[in-house]
Amino acid sequence: MANLSPFVYWSQTKQTLLLKVDLKDAKGAIADFSPVSVNFSANGHGARGVNAYKFELHFYALIDDENATFVVSDNKIELQIRKLEPEWWPRLVATPQKPHWLKIDFDRWRTEDDVEVEEKPRDVRQDYEKEYADLQKRELGYIKEKTKKVYMIFYNLAMFVGYLYIMVVMGVLYYRDGVDSIGKTYANVGNAFKFIQLLQYLEVMHPMFGYTKGSPVVPFFQVSGRNFILFLMIDMEPRMYAKPVVFYVFIIWSLVELVRYPYYLAQLLGREVGLLTWLRYTIWIPLYPMGILCEGIIVLRNIPYIEETKRFTVEMPNPWNITFDMVLFLKIYLMLLIIPGSYLVMSHMAKLRSKKLGKGRAKRQQHLHAD
């Protein structure tokens, strides 16, 4: 069955784009923005009656995808997009030919007064991306991919396989030995977990070298926080190895990654899997609070051990003439983890979820109340 596309009406100002999707009573709307395109899907009443509708647009120029939003109302869906560079576009899409379902929103249309719009030189490979890929495949027998993309595919696949291996080992041992396997979790998969967690520091370097978007600061703190628990609170204290909380925290961390890495793979391969997207931006709701609780318990259990061993504690006198109380540090770390840390992580993920799964849903309720 061919994909059905709704009618889409567009207008612009020098700074913004507005796309109005002609769908009534829309459900499950998803708009996945990138700097050069948008993939949209929803169920609703459109030109072909009540159906599942979708479309993909490759824009004439770059957009600010991080701040692009959409609003769902009873009789339409509006996509609000900011252009990366303020300028008037001669057309919305990259190619001169536009889809038959894309229309001009004359009620909102604006033009640039007394200034001739000049088109930028364009790369035909971007304008006709699918046609160029088909031509490559016919001529070469395969499609050439950029080195960065190939690396990112292998990286995400390797990380997925690593966490899957850990979960399979834990699952098989639990099926065979029952609760007796819980105390042996670290002995069975601890080394594998340490190796894969160290590999995650590559995610700090990816934005530095332009492999991914964003700042390296966020992944640095995320990976370092997890490695602090793994290496300093568990690995360096043998009495923690058999604690049940280690089993639970390993499961929680692995479940998060077993959804995250396949989602990244799907994005790299240009596939939009609705269930995977929903899981990526929903599974954190139960798992993140449980993970924070388990990490807090691990820190609490370590405090008496460190008081006893004085590990990581620096006392006077010493050549550096400084002191460091590790127990005090852990108490402060615990307070920061539970109060501001959990709030910042949860609010950040809530914003991402609203953007990916329909920021307009909350706005829709406000719209209905206002009516």
Take atom [atom1] in [X]; do more than 12 heavy atoms of anything else shown fall under 6.0 Å from it?
X: Phe220; atom1: CZ; value: no
X: Phe231; atom1: CZ; value: yes
X: Tyr151; atom1: OH; value: yes
X: Arg226; atom1: CZ; value: yes

Whether the side chain of [X] engages the backbone of [Y] through a donor-acceptor N/O pair (distance < 3.5 Å, no angle test) should be reported.
X: Ser181; Y: Gly178; value: yes
X: Ser5; Y: Lys54; value: yes
X: Thr185; Y: Ile182; value: yes
X: Arg353; Y: Lys356; value: no
X: Lys20; Y: Ser11; value: no
X: Tyr53; Y: Arg48; value: yes
X: Asn302; Y: Ile306; value: no

Check: With the threshold set at 4.0 Å, does a side-chain nitrogen-carboxylate oxygen contact exist between Arg239 and Glu308?
Finding: yes
Answer yes if the side chains of [X] and [Y] hold a donor-acceptor pair under 3.5 Å, and no otherwise.
X: Gln222; Y: Glu203; answer: no
X: Tyr186; Y: Asp235; answer: yes
X: Ser354; Y: Tyr281; answer: no
X: Thr277; Y: Glu272; answer: yes

Notebook entry, point to check: Is it true that Phe228 and Tyr333 have ring centroids separated by less than 6.0 Å?
Noted result: yes
Margin query: Is it the case that the ring center of Phe160 lies less than 6.0 angstrom away from the ring center of Tyr261?
Written below: no
Next item on the list: Apply the test side chain to side chain contact (heavy atoms under 4.5 Å, CB included) to residues Val259 and Leu255: give CA-CA distance (whole Å), side-chain angles for both, the deciding distance (0.1 Å), then the verdict.
Entry: CA-CA 7 Å; Val259 172; Leu255 285 174; over 6 Å; no
Note to self: Pair Val8, Leu79 - check side chain to side chain contact (heavy atoms under 4.5 Å, CB included), show working.
What the structure shows: CA-CA 10 Å; Val8 179; Leu79 282 67; over 6 Å; no
Spatial distance of atom [atom1] ([X]) from atom [atom2] ([Y]) [nearest 0.5 Å]:
X: Asn39; Y: Ser34; atom1: CG; atom2: OG; answer: 7.5 Å
X: Ile81; Y: Phe70; atom1: CD1; atom2: CZ; answer: 11.5 Å
X: Met240; Y: Ile297; atom1: CE; atom2: CD1; answer: 9.5 Å
X: Leu258; Y: Met159; atom1: CG; atom2: CE; answer: 11.0 Å

Checklist line | Chi angles and distances behind the side chain to side chain contact (heavy atoms under 4.5 Å, CB included) call for His45, Val50 | finding: CA-CA 4 Å; His45 191 283; Val50 178; 3.6 Å; yes
Next item on the list: Tell me, please, which residues at least two apart from Val345 pass side chain to side chain contact (heavy atoms under 4.5 Å, CB included).
Entry: Tyr288
Item checked: Residues forming a salt bridge (charged side-chain N to carboxylate O under 4.0 Å, His left out) with Glu66, sequence neighbours excluded -> Lys213, Lys355
Notebook entry, point to check: Under a 4.5 Å cut-off applied to non-hydrogen side-chain atoms, are Lys83 and Ile63 in contact?
Noted result: no
